[in-house]
Amino acid sequence: MSIAETTGAAAPEMPGDLLRIRDLRVHFPITSGILQRRSGWVRAVDGVDLSIQPGETLGLVGESGSGKTTIGRAIVRLNEPRTGTIELDGTNLLSLEGRELRARRRDVQMVFQDPYSSLDPRHTVGEILSEPLSVHGLATGSARHDRIAELLTMVGLDPAFIERFPHEFSGGQRQRIGIARALAVEPRLIVADEPVSALDVSVQAQVINLLEHLQDRMGLTYLFIAHDLAVVKHIADRVAVLYLGKVVEIGPVDTLYAHPHHPYTIALLSAVPIPDARLERDRKRIILKGDIPSPANPPSGCRFHTRCWLREKLGNPERCAAEEPALLPRPDRPGLETACHFPEEAAEAARPAAPTVVEPD
Amino acid sequence: MPEAMTETSQPLLSVRDLHVEFVGRNRTVRAVRGLSYEIRAGETLAIVGESGSGKSVSALTLLGLLPPRTSRVPRGSVIFEGQELIGLSTAQLSRIRGARIAMIFQDALSSLNPVLTIERQITEALETHTDLTSSQAHARALELLQLVGIPDAERRLKEYPHQYSGGMRQRAMIAIALSCQPSLLIADEPTTALDVTIQAQILSLIARLRSELGMAVLLITHDLGTVAGLADRIAVMYAGRIVETGPTESVLADPAHPYTSGLLRSLPRLDDPRGMTLRPIEGTPPDLATDLPGCPFAPRCMWREEVCWADDPRLLPVREAESGRSIACHHHPTAEEARAGRSLVPGFRPADPPAAVAEKIAVVVPVEAAS
Ligand SMILES: Nc1ncnc2c1ncn2[C@@H]1O[C@H](COP(=O)(O)OP(=O)(O)OP(=O)(O)O)[C@@H](O)[C@H]1O
Ligand SMILES: Nc1ncnc2c1ncn2[C@@H]1O[C@H](COP(=O)(O)OP(=O)(O)O)[C@@H](O)[C@H]1O
Ligand code: SF4
Ligand code: SF4
Ligand SMILES: [Mg+2]
Ligand SMILES: [Mg+2]
């Protein structure tokens, strides 16, 4: 019996969401001067709604500083949101405290990007995997060793490695240890923050396959954070595109990649190189100007307007800088939601047959 | 510069049988183990390989930038513009470095000087290698910053590296590298630390400058995607040497070496149909401090034969004679086998390692054979 069902929040035929985030805002204070007075806020995450169904993988993409990690860390309660709710099976994690929180924490585990710094170098693999089991009072006594051996086998490592230290492993092996540590407490949701970004291509593929295999076997749900859009296309069921702390487009992976309606998504996809020289020659590329602005002082109206190629093409309509576009469903593309005043014009310009669009530089 | 490619017989840079070692207290890492390649004037060659394959070390060797105490070059030759570089003094090398060969790195922040303005860093390079007056140097610095697409260049010249964003720092480093109009630009993972949108900016900048200035580019990267749009030729490196080389388009479309085809099968692609399984190369690259008698890829290779454990294959032509393709492999897969990731000969089994090898290193066995 999930709590979502008892509160009746979910639509009748739809399975309840496992995770539901509403209006999440995480702001970090900017302090200045010797008195460390607060002089402003970094609006790292600024009003985000997301939901993930059980067994689903939601990909979260966006440029550096767009707020991906901050969302992930808020879910595992590593930072405190200013506002919003994060519901797991209908229970708002942000309102839990003490024992209740500890019990619920088990359900959500995080895998980090850097397999080098996320494992304590002074502890053996056995000790590293033992820690979460101790915290939650799992597999106590003689069962502990067996459980650790089982976890190692699960992630494709030799159980004989139990006495070894992190520095004796390669990057890919360390990432497997990080995954085993997350799995130790049998979580329902895994927040994986760039879990393969630091790995070489051949090892990256090994770890992606492992994550997919574990999901099939254990019915895991993933929030998969990454900046590599090809990796996300491979692993995700749905994808959310983040820009300056806001979701600008979200939808089923096939729809979003084949029919993007947000100028930023279109530019991101066009920038991903494909290892095929003939394709690369004929592809049209939209090269964005400049860098992502500071989240301490986001642009007015549509936050993307300072770099938007479509706005320029449309003759800089006032509306883009004045009015913030809401994330609205695209009626002709089930599941796709886009936050742009001119989504049809964007999709039209992105169609392969259309003439090549702006290419500064 | 296609004219230059046809009329010159002498390559701009020719690396022959280069070996580089790092000597530690109780182990010697053989980071580069017989590397050979050529670059013609105006050409772009990409050296591709996973981390630790020796890409950066080989580039640093060309410029004499290796740590002098712990490294040595026991063998090999590097001829640049007709001159042997191996064995030159530090002073002689520094005259070439920055003037004829320039290098840009992955990490722009740590290769820029934090206490000097960008202008000072550009004019310093100009003063070392040219005899421009200071007002000429200022004008040139401004021109360079505009050339690499930094807006409001006059003001930006006066700023320090920390005031620049990641993409702008990379542009500034390129401006410094170009200051003396080098004939060869070495770019070591120039976009690895950048977001895709900024990566696209920098790659298109490099492509534009290359054709405007007629420079040759040695692009070092682990990303087969960035290679596709930029490089004329590609050289795939594994364990300190080249295992496959040829024109970019044909190598990517029809890889001949087991390692190259394995890399391509491992790579999720934007144009893949969804739900396609990745077929990674199992195992990990060899430890370069241990002795590798045979093919260094043998422990991970699904085509290996007896001979592969004993004999290190040499880089030899493959496919049609005029294709410009070469690989170092005793038993390379057919195109269908490369796609399948295993031999299609009925009953074929990758050769087991000799006992002495099996004791020392982990060897990948095919799943069918293991069960
Ligand atoms: N503890 C903190 N204090 C102040 N600012 C922070 C803190 N953590 C993150 N930020 C800021 O919040 C914004 C979002 O950061 P976040 O780490 O979530 O980005 P990201 O999308 O994960 O980027 P990347 O791709 O680089 O990992 C950035 O501007 C960052 O500098
Ligand atoms: N200064 C150094 N001292 C000792 N070993 C080094 C040094 N620099 C690189 N190596 C070793 O040389 C090998 C090749 O390194 P590198 O050229 O940096 O690889 P790549 O650039 O292909 O990732 C690696 O095994 C690396 O650990
Ligand atoms: S609302 Fe305007 S500025 Fe924003 S993405 Fe759409 S067209 Fe571009
Ligand atoms: S077939 Fe032999 S030589 Fe060729 S890559 Fe495999 S092990 Fe090396
Ligand atoms: Mg992050
Ligand atoms: Mg390197």
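Note that this is a predicted model, so its numbers are computed, not measured. In what follows, chains are A, B, ... by sequence order, proteins preceding strands, each numbered from 1.
Judged by distance alone, with hydrogens and angles left aside, the side-chain atoms of A:K233 form a donor-acceptor pair with the main-chain N or O of B:D272 at under 3.5 Å. For the pair B:E249 (side chain) and A:D276 (backbone), a donor-acceptor distance under 3.5 Å is absent. Not one N or O on the side chain of A:D200 forms a donor-acceptor pair closer than 3.5 Å with the backbone of B:E50. Of the possible donor and acceptor atoms, one in the side chain of B:Q201 sits under 3.5 Å from a partner among the backbone N and O of A:L288.
Shown here for A:A271 and B:A200, the closest heavy-atom pair between the two residues is CB-CB, 4.0 Å. B:S165 and A:D291 make their closest contact through OG-OD2, 2.7 Å (heavy atoms, listed as atom of the first residue, atom of the second, distance). Between B:G283 and A:Q206, the shortest heavy-atom contact is O-NE2, 3.3 Å. Between A:S202 and B:P280, the closest heavy-atom pair is O-CB, 3.5 Å. Considering all non-hydrogen atoms of both residues, B:L270 and A:R283 come closest at CD2-NH2, 4.0 Å. When all heavy atoms are compared, the tightest approach of A:V201 to B:H222 is CG2-O, 4.2 Å.
Only the side chain of B:R300 comes within contact range of chain A, with heavy atoms under 4.5 Å apart. Heavy atoms of B:L264 lying under 4.5 Å from chain A belong exclusively to its side chain. With a 4.5 angstrom heavy-atom cutoff, B:V196 touches chain A via backbone and side-chain atoms both. B:S51 touches chain A through backbone and side chain together, each having a heavy atom under 4.5 Å away. Contact annotation for A:I208: only side-chain heavy atoms (C-beta onward) come within less than 4.5 Å of a heavy atom of chain B. Neither the backbone nor the side chain of A:A258 comes within contact range of chain B; no heavy atom of the residue lies under 4.5 Å from a heavy atom of that chain. Both the backbone and the side chain of B:E282 come within less than 4.5 Å of a heavy atom of chain A. Only the side chain of A:S170 comes within contact range of chain B, with heavy atoms under 4.5 Å apart. Neither the backbone nor the side chain of A:I292 comes within less than 4.5 Å of any heavy atom in chain B.
A donor atom on one side chain and an acceptor atom on the other are not found under 3.5 Å apart for A:Q204 and B:S266.
A heavy-atom distance below 4.5 Å is not found between the side chains of B:R279 and A:N209. Residues A:V272 and B:Q199 form no side-chain contact, since every pair of their non-hydrogen atoms from C-beta on lies 4.5 Å or further apart. Looking only at side-chain heavy atoms (C-beta outward), B:V227 and A:P275 stay at 4.5 Å or farther from each other.
A distance of 8.0 Å separates CG in A:D228 from CG in B:L267, rounded to the nearest 0.5 Å. Atoms CD and CG, from A:E280 and B:L252 in turn, are 9.5 Å apart once rounded to the nearest 0.5 Å.
Taking chain B as the reference chain and counting heavy-atom pairs below 4.5 Å, the highest number among A:L268, A:L229, A:D254, A:V203 is found for A:D254. Contacts with chain A were tallied for B:P151, B:A228, B:G166; B:A228 has the most, counting heavy-atom pairs under 4.5 Å. Each of A:V231, A:I274, A:V253, A:L279 has some count of heavy-atom pairs under 4.5 Å with chain B, and the biggest count is that of A:I274.
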